Amino acid sequence: MLGQMMHQPLLIKNILAHSQMAFPTTKIVSRTGDNSIQSHLIGDIARRSAQLAHALDALNVQAGDRVATLAWNDHRHLELYYAVSGIGAVCHTINPRLPQKQIAYVIEHAGDKLLFVDEGLAGLLEKVLPLVKNPPTIIVLAGTTSPLPPLNADADLLNYEVMIGDQADDFDWPDFDENTASGMCYTSGTTGNPKGVLYSHRSTTLHAMQVALSFANALHEGARVLPIVPLFHVNAWGLPFTCPLVGASLIFAGPFLDGPSLFELMDSQQVTSAWGVPTVLTAVLQEIKRAGRPPKGLNNILVGGSAISLGFIDDYEDLGITVNHAWGMTEMSPIGTQGSIPASSRHLPLEKQRHLKKRQGRGIFGIDMKIVDQNGDEIAQDGKQSGELYVRSNTTAAQYYNNPEATAEAFHDAGWFRTGDIANIDATGNLLITDRAKDLIKSGGEWISSLEHETAIMTHKSIAQCAVIAVPHPKWDERPIIIAVPTSDFGDDKDSKVRAALFEDVLSLLGVEFPKWQMPDALVLVDELPLTATGKISKLRLRQLYRDYFGDTNE
């Protein structure tokens, strides 16, 4: 017997309509490329999105067409999110930090019809377009008086504000199936070409509601949220949809993502919640220390993308700023877990509670997780046994866009997505990522977790950042070495005695938790670590740089 309830499709347009009606004072504040601040009410964004929809219609954008963006976080980029999906087309956000050949690849692979580019990224696009066989029409995200950049491409070139300026500011948004594609993001492609994930209106709307439910302390009416995570990176973790849904204002930083700029924006706009990766939030923390105070109003941060140290948590929470450690993936829309302290653990001493926050947290509503062994058999969630993590949900991809080979590898277990993460889950559903499968180190036939070592090393007062990588070894197949950035107050890192003393100190620290055969063979100090296009430490690049550390093992 089926229920006898009405059915209304879950469409992204309804989020904007609801926000405009229920939370009319919600603001969208943008720092633009010229370093000026622009502020719009949510109703302004709705009207400008309607103007953009008319303009897209005039350019003959049809349902299912891909419309690309190459842009920073600001109000125009947000308008594209709503207008493109609202007419039944697909908003394809492109990561400008990808290599130029990969940017060209995703434009071609997605079959983009239009491409909206930020003024400040026009130079990059000029280098990319010659690599694209069928360049899309280009629209520059700029004011009416801004000169169009001299792009050398066989493509039309339009100005965004001129294009929408004379259009009507209301639009009869169509209804369609909630499973209609709404957005597309490509993975960062650390090996091979990036893989496309095609979101639907249903999955995006459900994700917005799930995130609102799971982060109610940060996302609520009147909150002022800074997505440091870019709009081009997995829809800025869903914040462009969740914040309007609950009446939270969005504060956009544009291209200015350095510590001083972010601190000043947070302080002047009284941001209450900031969401980003550890590398950027560490830069903010350094600025907080220089200023001697946190930004006005900031009371919580959400951090994801890579592991965080206990020192990172302590530094923020000692300032009264709650740290929520989350985990997710492009394929998951992206948020899968949230790291608030369970009620059953709030009686624990503060130190133990903060240790819990180093884990990736419990699954948000609707996310199923399992751990499997090398044979693909599910193993117990006892917090001790580790295996490969698989997930499933209404907000997880079922396949990759137009990529059967990658689909066969990642979705071979019917109904489940193979994440590539090695993890364990405790009896309360609390997830701990212990490594990426590709980052495990196999030494003498035994496995070593690089992430577990990094978590311990990051507790050392003289280590600001680190990566533990596998290096080919003539006897043991692979051995771990540490590549680290020392803190600013560390001594002379060129002095061999100082370096040796630090290495011995780190080994002593690791020796408390790990057996002798797992101890890293070397500590290399560097000024900075290479980052991927999404701001994570690039272990692939580090492995390339240090592959001959123990000599050429191919001889």
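None of the values given here were measured: they were computed from a predicted structure.
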- Side-chain donor or acceptor of Ser345 paired with backbone N/O of Ile341 under 3.5 Å: no
- Message: Quick one, Arg97 with Thr534, criterion side-chain contact (heavy atoms from CB on, under 4.5 Å). Give me CA distance, side-chain angles, the key distance, then yes/no.
- Response: CA-CA 7 Å; Arg97 296 168 181 158; Thr534 54; over 6 Å; no
- Message: Determine whether a donor-acceptor pair (N or O, by modelled atom type, separation under 3.5 Å) exists between the side chain of Ser508 and the backbone of Glu504.
- Response: yes
- Message: Distance alone, cut at 3.5 Å: any donor-acceptor contact between the side chains of Ser261 and Asp258?
- Response: yes
- What pair of heavy atoms forms the shortest contact from Val471 to Arg547, and how long is it? CG1-O, 4.0 Å
- Looking at Ile37, Val29, Val271, which hits side chain to side chain contact (heavy atoms under 4.5 Å, CB included) with Leu265? Ile37
- Item | Test item: Met329 and Trp327 side chains (from C-beta on) under 4.5 Å apart, heavy atoms | yes
- Message: Quick test of your reading of the model: are Arg436 and Asp421 salt-bridged, counting only N-O distances below 4.0 Å?
- Response: yes
- Note on the structure: Heavy-atom nearest pair, Ser386 first then Ile371, reads C-CG2, 4.0 Å
- Item | Salt bridge present between Arg31 and Glu264 (N-O < 4.0 angstrom) | yes
- Message: Assess the residue pair Arg354 and Asp318 against the criterion (salt bridge (Lys or Arg N to Asp or Glu O under 4.0 Å)); give the C-alpha distance rounded to whole Å, side-chain angles, the decisive distance to 0.1 Å, and a yes or no.
- Response: CA-CA 11 Å; Arg354 289 181 177 179; Asp318 287 347; 2.9 Å; yes
- For Gln210 and Phe365, indicate whether the former's side chain and the latter's backbone hold a donor-acceptor pair under 3.5 Å. yes
- Message: Taking the basic N atoms (NZ, or NE/NH1/NH2) and the acidic carboxylate oxygens, is any pair closer than 4.0 Å for Asp267 and Arg293?
- Response: yes
- Mind checking whether Ile228 and Met266 have side chains closer than 4.5 Å, heavy atoms only? yes
- CG/Leu239 to CZ/Phe252 distance, rounded to the nearest 0.5 angstrom? 8.5 Å
- Message: Looking at every non-hydrogen atom in both residues, tell me the closest pair between Phe232 and Ile94 and how far apart they are.
- Response: CB-O, 3.4 Å
- Is a side-chain N or O of Gln360 found less than 3.5 angstrom from the main chain of Ala326, in a donor-acceptor match? no
- Query: Should the pair Phe241 and Tyr81 be assigned to parallel (<30°), tilted (30 to 60°) or perpendicular (>60°) ring geometry?
  - Reply: tilted
- Query: Atom CG in Leu431, atom OG1 in Thr337: separation rounded to 0.5 Å?
  - Reply: 6.0 Å
- Between His355 and Leu310, is any pair of side-chain heavy atoms under 4.5 Å apart? yes
- Do Phe417 and Tyr390 make the cut of ring centroids closer than 6.0 angstrom? no
- Query: With a 4.0 Å cut-off, would you call Asp314 and Lys357 a salt bridge?
  - Reply: no
- Tell me, yes or no, whether the heavy-atom count around Gln544 atom CD, taken from other residues, nucleotides or ligands under 6.0 Å, exceeds 12. yes
- Note on the structure: Nearest heavy-atom approach of Pro294 to Leu319 is CD-CD2, 4.3 Å
- Ionic contact status for Arg290 with Glu287, cut-off 4.0 Å: yes
- Please determine, by modelled atom types, if Arg224 and Gln269 share a side-chain donor-acceptor pair under 3.5 angstrom. yes
- Message: Go through it in stages, so that I can follow the logic: the residues are His77 and Thr69, the test is side-chain contact (heavy atoms from CB on, under 4.5 Å), and I'd like the CA-CA distance, side-chain angles, deciding distance and then a yes or no.
- Response: CA-CA 8 Å; His77 205 167; Thr69 70; 2.9 Å; yes
- Any chance the side chains of Tyr186 and Gln102 put a donor and an acceptor closer than 3.5 Å? no
- Charged N to carboxylate O under 4.0 angstrom, Asp413 versus Arg392? no
- Query: Has the side chain of Asp495 got a donor or acceptor atom that lies under 3.5 Å from a matching backbone atom of Lys497?
  - Reply: yes
- Message: What's the separation between atom CG in Leu432 and atom OG1 in Thr455, rounded to the nearest 0.5 Å?
- Response: 7.5 Å
- Query: Where the side chain of Thr272 meets the backbone of Gly297, is there a donor-acceptor pair that is under 3.5 Å apart?
  - Reply: no
- Message: For a quick check under 3.5 Å, do Thr396 and Ser393 share a side-chain donor-acceptor pair by atom type?
- Response: yes
- Beyond-backbone contact of Val485 with Val526, side-chain heavy atoms, under 4.5 angstrom: yes
- Item | 4.5 Å side-chain heavy-atom contact, Val284 and Tyr316 | yes
- Query: Is there a donor in the side chain of Asn324 and an acceptor in the side chain of Ser340, or the other way round, less than 3.5 Å apart?
  - Reply: no
- What one should report as the nearest heavy-atom pair of Pro278 and Phe312 is O-CE1, 4.2 Å
- Query: Rounded to the nearest 0.5 Å, how far apart are OG of Ser273 and CG of Leu298?
  - Reply: 7.5 Å
- Message: Could you check whether Thr32 and Ser30, counting side-chain N and O atoms only, form a donor-acceptor pair closer than 3.5 Å?
- Response: no
- When you check the gap from the basic side-chain N to the acidic O, do Glu454 and Lys539 get nearer than 4.0 Å? yes
- Could you tell me whether the side chain of Gln518 and the main chain of Leu510 form a donor-acceptor pair under 3.5 Å? no
- Query: Hey, what's the ring geometry for Trp476 with His473, parallel, tilted or perpendicular (30° and 60° as the breaks)?
  - Reply: tilted
- Tightest non-hydrogen contact, residues Leu78 and Leu231, listed as N-CD1, 4.4 Å
- Task: For the residue pair His207 and Pro334, establish whether any side-chain heavy-atom pair is separated by less than 4.5 Å.
- Result: yes
- Would you say the side chain of Phe550 lies within less than 4.5 Å of the side chain of Pro472, judging by non-hydrogen atoms? no
- Task: Answer whether the closest heavy-atom distance between the side chains of Glu331 and Thr187 falls below 4.5 Å.
- Result: yes
- Note on the structure: Distance col, row Asn403:CG vs Asn193:CG, nearest 0.5 angstrom, shows 9.0 Å
- Can you tell me if Asn375 uses its side chain to pair, donor with acceptor, with the backbone of Asp377 under 3.5 Å? no
- Task: Take Leu502 and Phe490 through the test side-chain contact (heavy atoms from CB on, under 4.5 Å) and record every step on the way to the result.
- Result: CA-CA 10 Å; Leu502 176 60; Phe490 181 64; 3.7 Å; yes
- Going through the distances and angles, do Asp439 and Ser450 end up as a side chain to side chain donor-acceptor pair (under 3.5 Å)? CA-CA 7 Å; Asp439 292 333; Ser450 62; 5.2 Å; no
- Item | salt_bridge(Asp477, Lys442) N-O dist < 4.0 Å | no
- Message: Hydrogens and angles aside, do Asn95 and His233 bring a side-chain donor and acceptor to less than 3.5 Å of each other?
- Response: no
- Message: Any salt bridge linking Asp426 with Arg362? Criterion: basic side-chain nitrogen under 4.0 Å from a carboxylate oxygen.
- Response: no
- Side chains of Thr487 and Asp489: is there a donor and an acceptor less than 3.5 Å apart? yes
- Item | Near-ring test Phe215/Trp275, centroid separation under 6.0 angstrom | yes
- Query: So how far is it from Lys370 NZ to Ile379 CD1, rounded to the nearest 0.5 Å?
  - Reply: 11.5 Å
